[in-house]
Q: 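Input: one structure, supplied below.
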Amino acid sequence: MARTDTKKGIRRRRKVKILATLGPASSTKETIAALLRAGADAFRVNMSHGEHETHARTIALIREVEKEVGRPVAILCDLQGPKLRVGKFRDGSAFIRHGAHFTLDRNPEPGDDTRVELPHPELFGILEKGQRLLIDDGKLRLKVIRAEPDALLCSAEVGGPISDRKGVNVPDTLVPVPALTDKDRRDLAFAIQHQADWIGLSFVQRPEDVAEARRLLGGHGALMAKIEKPSAIQSLDEIVELSDGIMVARGDLGVELNPEEVPPLQKRIIEKVRLAGKPVVVATQMLESMIERPTPTRAEVSDVANAVYDGADAVMLSAETAAGQWPLEAVTIMDRIAVQVEADLTYRERIHLAEIPPDATMADALSEACASIADALPIEAIICFTLSGISARRVARERPSAPMLVLTSSVQSARRLALLWGAHPVTTKDIGSFEEMIAKGRRMALRHGFGGAGSRLVILAGVPFGVPGSTNLLHVITLSGNELKGHDGA
């Protein structure tokens, strides 16, 4: 089985996580519960679509299901970000002939086969001759042959049909627009109010975009920067440092880059984020054919598998679960792919192809020791006591062979860790002594299906207890199997 149902909730039999987008196809409590049981570990609420009232109802349903299932669930509210679009056409659409001239201007009159409004005045001051504009996810490609203050005369390198309000990508320059629009600021306030665990920041181009979003968050929720602009790659190290997690948003990234550039870039981003000890999500078009079909293509299956082999913390489903005809099947198949990959005898070798040396800190030294012990001995699990989740992230960074049972008194930390590779987060009461820690670790391991009589486990914690960043203790225990006797609670 891909999971085990214990008295205390669901335990996954895989380490990579699944992030599923909710929408019209998955808006009921019954469907959300079914997706969670099928393999979803976290849910994405796409702020680009729907009203706040609808999103509030969705978040409330997730929390109801979370309580009933007994497993912390992460909610990611994904901000839309600034969208560049053409204006409207006289007949709602037009056709740009291949090789023909086509003008983008500031004239608000409806367009035709020769011109259309580009209602973004900031673009006219930065675009130059030779630069490209990609329309409708790159289906149409224009090259600027003359740039004027109020008009861009272009040549259609790839023509085709175009209709009202189609999106525009500008890959060859840094677009002078903020990552947060007025709508994004309202949506961010909504996400904070409804206690979203993660905020997805779209259209990130520079570190300042992340810094601004973090200031507005004010300590509420964790920030996941979406890498979907080539300009973000130039400042990747700084963006990773300022973020709590990274999403490889391959949809827009694949539009603005040559297709063959995306796979190696995906691996590079995953490696950098793993090195930083933060969650990294691979997203968009993973099982896209399942929007309309009950089974994926073999190429899509390989795509998901490669992300798991690369060591990504999570893989994401977008329209497959939000608007597709087969949302439950999409999660089920993604779960099966991940389980199969992790059972591969070469999996451990592949996720350690990238060298991830520990930092010169006590936490990293002990985290590396946990992984080494798990490799050398038959360790059933690594029990990690943490308040902020930092200790768990450092252990996950090592990609140990044993799963992690993460015990925390913070509901917020437990939910955020639902996106962390190998982590099974559980909320529990604070501990006050070494003896209490050992006893609780033993009981929680048995309750959540991490071993039985004779099983060995590694415990990682910090003394004094409850102080973030104080990881300094590693202890190996063996379960007797009767630790639950006389204990009904945690």
Side-chain angles (χ1 to χ4, degrees), residues 14-17 207 224-225 227 232-248 250 253 257 260-283 302-315 338 340-379 381-382 384 386 389-404 406 417 419-423 458 460 469 471-472 474:
R14 55 170 160 77
K15 296 184 174 72
V16 71
K17 303 302 180 70
M224 182 168 290
I227 306 300
I233 305 302
Q234 300 170 16
S235 304
L236 185 60
D237 290 341
E238 295 91 337
I239 290 171
V240 170
E241 182 179 355
L242 289 169
S243 305
D244 297 302
I246 294 291
M247 180 182 291
V248 189
R250 306 173 309 169
L253 196 59
L257 292 173
E260 66 275 11
E261 295 179 87
V262 176
L265 186 57
Q266 172 178 308
K267 293 178 184 294
R268 176 184 157 201
I269 295 171
I270 291 173
E271 182 177 342
K272 279 188 175 293
V273 183
R274 276 187 58 190
L275 186 62
K278 298 177 180 182
V280 55
V281 179
V282 176
S302 294
D303 184 37
V304 175
N306 282 329
V308 179
Y309 277 121
D310 288 342
D313 288 79
V315 284
Q340 188 71 33
V341 168
E342 293 184 11
D344 182 2
L345 295 177
T346 69
Y347 171 66
R348 297 285 311 153
E349 179 183 348
R350 289 173 182 269
I351 60 170
H352 288 292
L353 286 175
E355 186 177 350
I356 310 291
D359 293 342
T361 65
M362 181 68 74
D364 267 23
L366 292 180
S367 297
E368 186 183 38
C370 281
S372 297
I373 293 170
D375 285 340
L377 300 175
I379 298 296
I382 297 169
C384 182
T386 184
I390 293 174
S391 298
R393 293 204 306 270
R394 302 317 287 181
V395 174
R397 177 179 183 264
E398 301 295 328
R399 297 297 189 258
S401 56
M404 275 192 298
V406 184
L417 292 170
L419 271 178
L420 184 69
W421 186 96
V458 178
L460 184 70
T471 304
N472 58 8
L474 188 152

Q: With sequence neighbours left out, what residues match Ser243 under side chain to side chain donor-acceptor pair (under 3.5 Å)?
A: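 Applying side chain to side chain donor-acceptor pair (under 3.5 Å) to Ser243 gives none.
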Q: By the definition side chain to side chain donor-acceptor pair (under 3.5 Å), identify the one residue from Glu349, Glu355, Arg348 that meets it with His352.
A: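 Between His352 and the candidates, side chain to side chain donor-acceptor pair (under 3.5 Å) is satisfied uniquely by Arg348.
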Q: Residues two or more places apart in sequence or in another chain: which of them pass side chain to side chain donor-acceptor pair (under 3.5 Å) with Asn472?
A: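 So Asn472 forms no side chain to side chain donor-acceptor pair (under 3.5 Å) with any residue.
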Q: Quick one: side-chain contact (heavy atoms from CB on, under 4.5 Å) partners of Ala283, sequence neighbours excluded?
A: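 Ala283: side-chain contact (heavy atoms from CB on, under 4.5 Å) contacts with Met247, Met316.
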Q: Would you please test Leu366 and Val395 for side chain to side chain contact (heavy atoms under 4.5 Å, CB included) and show each step?
A: CA-CA 8 Å; Leu366 292 180; Val395 174; over 6 Å; no
Q: Could you check if a side-chain atom of Val248 sits within less than 4.5 angstrom of a side-chain atom of Val281, using non-hydrogen atoms only?
A: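 No; the side chains remain at least 4.5 Å from each other.
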Q: Lys278: what forms a salt bridge (charged side-chain N to carboxylate O under 4.0 Å, His left out) with it, not counting sequence neighbours?
A: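 Salt bridge (charged side-chain N to carboxylate O under 4.0 Å, His left out) check on Lys278 returns nothing, list empty.
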Q: With side chains defined as the heavy atoms from C-beta onward, is the minimum distance between Pro400 and Ile382 less than 4.5 Å?
A: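 They are in contact (side-chain heavy atoms under 4.5 Å apart), so the answer is yes.
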Q: Could you check whether any side-chain heavy atom of Glu271 comes within less than 4.5 Å of a side-chain heavy atom of Leu353, counting everything from C-beta outward?
A: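 The answer is no; the side chains never approach within 4.5 Å.
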Q: So which pairs with a foot in residues 302-314 pass salt bridge (Lys or Arg N to Asp or Glu O under 4.0 Å), sequence neighbours left out?
A: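 Non-adjacent pairs meeting salt bridge (Lys or Arg N to Asp or Glu O under 4.0 Å): Arg250-Asp303, Lys267-Asp310, Asp313-Arg399.
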Q: Holding to side-chain contact (heavy atoms from CB on, under 4.5 Å), I want the full list of residues that pass it with Glu238, two or more places apart in sequence or in another chain.
A: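 Partners of Glu238 by the side-chain contact (heavy atoms from CB on, under 4.5 Å) criterion, ordered by chain and then number, come out as Pro207, Ser235.
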Q: Below 3.5 Å, can you tabulate the donor-acceptor pairs from side chains in residues 367-377 to any protein atom, sequence neighbours excluded?
A:
{"unit_1": "Ser367", "atom_1": "OG", "unit_2": "Ala363", "atom_2": "O", "d": "2.7"}
{"unit_1": "Ser372", "atom_1": "OG", "unit_2": "Glu368", "atom_2": "O", "d": "3.1"}
{"unit_1": "Asp375", "atom_1": "OD1", "unit_2": "Ser401", "atom_2": "OG", "d": "3.2"}

Q: Is any side-chain heavy atom of Ile390 closer than 4.5 Å to a side-chain heavy atom of Thr471?
A: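 The answer is no; the side chains never approach within 4.5 Å.
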Q: Look only at the side chain of Lys17 and the backbone of Trp421, and say whether a donor-acceptor pair between them is shorter than 3.5 Å.
A: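 The answer is no, because no donor-acceptor pair under 3.5 Å joins these two groups.
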Q: Mind checking what makes side-chain contact (heavy atoms from CB on, under 4.5 Å) contact with Glu261, not counting sequence neighbours?
A: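 Partners of Glu261 by the side-chain contact (heavy atoms from CB on, under 4.5 Å) criterion, ordered by chain and then number, come out as Leu257, Asn258.
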Q: Taking salt bridge (charged side-chain N to carboxylate O under 4.0 Å, His left out) as the definition, give me every residue that meets it alongside Asp344, ordered by chain and number, with sequence neighbours left out.
A: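 If we apply the salt bridge (charged side-chain N to carboxylate O under 4.0 Å, His left out) test to Asp344, skipping adjacent residues, there are no hits.
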Q: Arg394: what forms a salt bridge (charged side-chain N to carboxylate O under 4.0 Å, His left out) with it, not counting sequence neighbours?
A: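 In terms of salt bridge (charged side-chain N to carboxylate O under 4.0 Å, His left out), with neighbours along the sequence ignored, Arg394 is linked to Asp359, Asp364.
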Q: Once side chain to side chain donor-acceptor pair (under 3.5 Å) is applied, do any residues pair with Arg350, and if so which ones, sequence neighbours excluded?
A: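 Scan of Arg350 (side chain to side chain donor-acceptor pair (under 3.5 Å), adjacent residues dropped) gives Thr346.
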Q: Can you list the residues that meet the side-chain contact (heavy atoms from CB on, under 4.5 Å) rule with Leu275, with sequence neighbours excluded?
A: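 Leu275 satisfies side-chain contact (heavy atoms from CB on, under 4.5 Å) with Ile356, Pro357, Arg397 once adjacent residues are dropped.
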Q: Please evaluate residues Val341 and Tyr309 with respect to the criterion side chain to side chain contact (heavy atoms under 4.5 Å, CB included), reporting the C-alpha separation (whole Å), side-chain torsions for both, the decisive distance (0.1 Å), and the verdict.
A: CA-CA 7 Å; Val341 168; Tyr309 277 121; 3.6 Å; yes
Q: Closer than 3.5 angstrom, by distance alone: can the side chain of Glu342 be matched with the main-chain N or O of Val308 as a donor-acceptor pair?
A: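 Answer holds: no.
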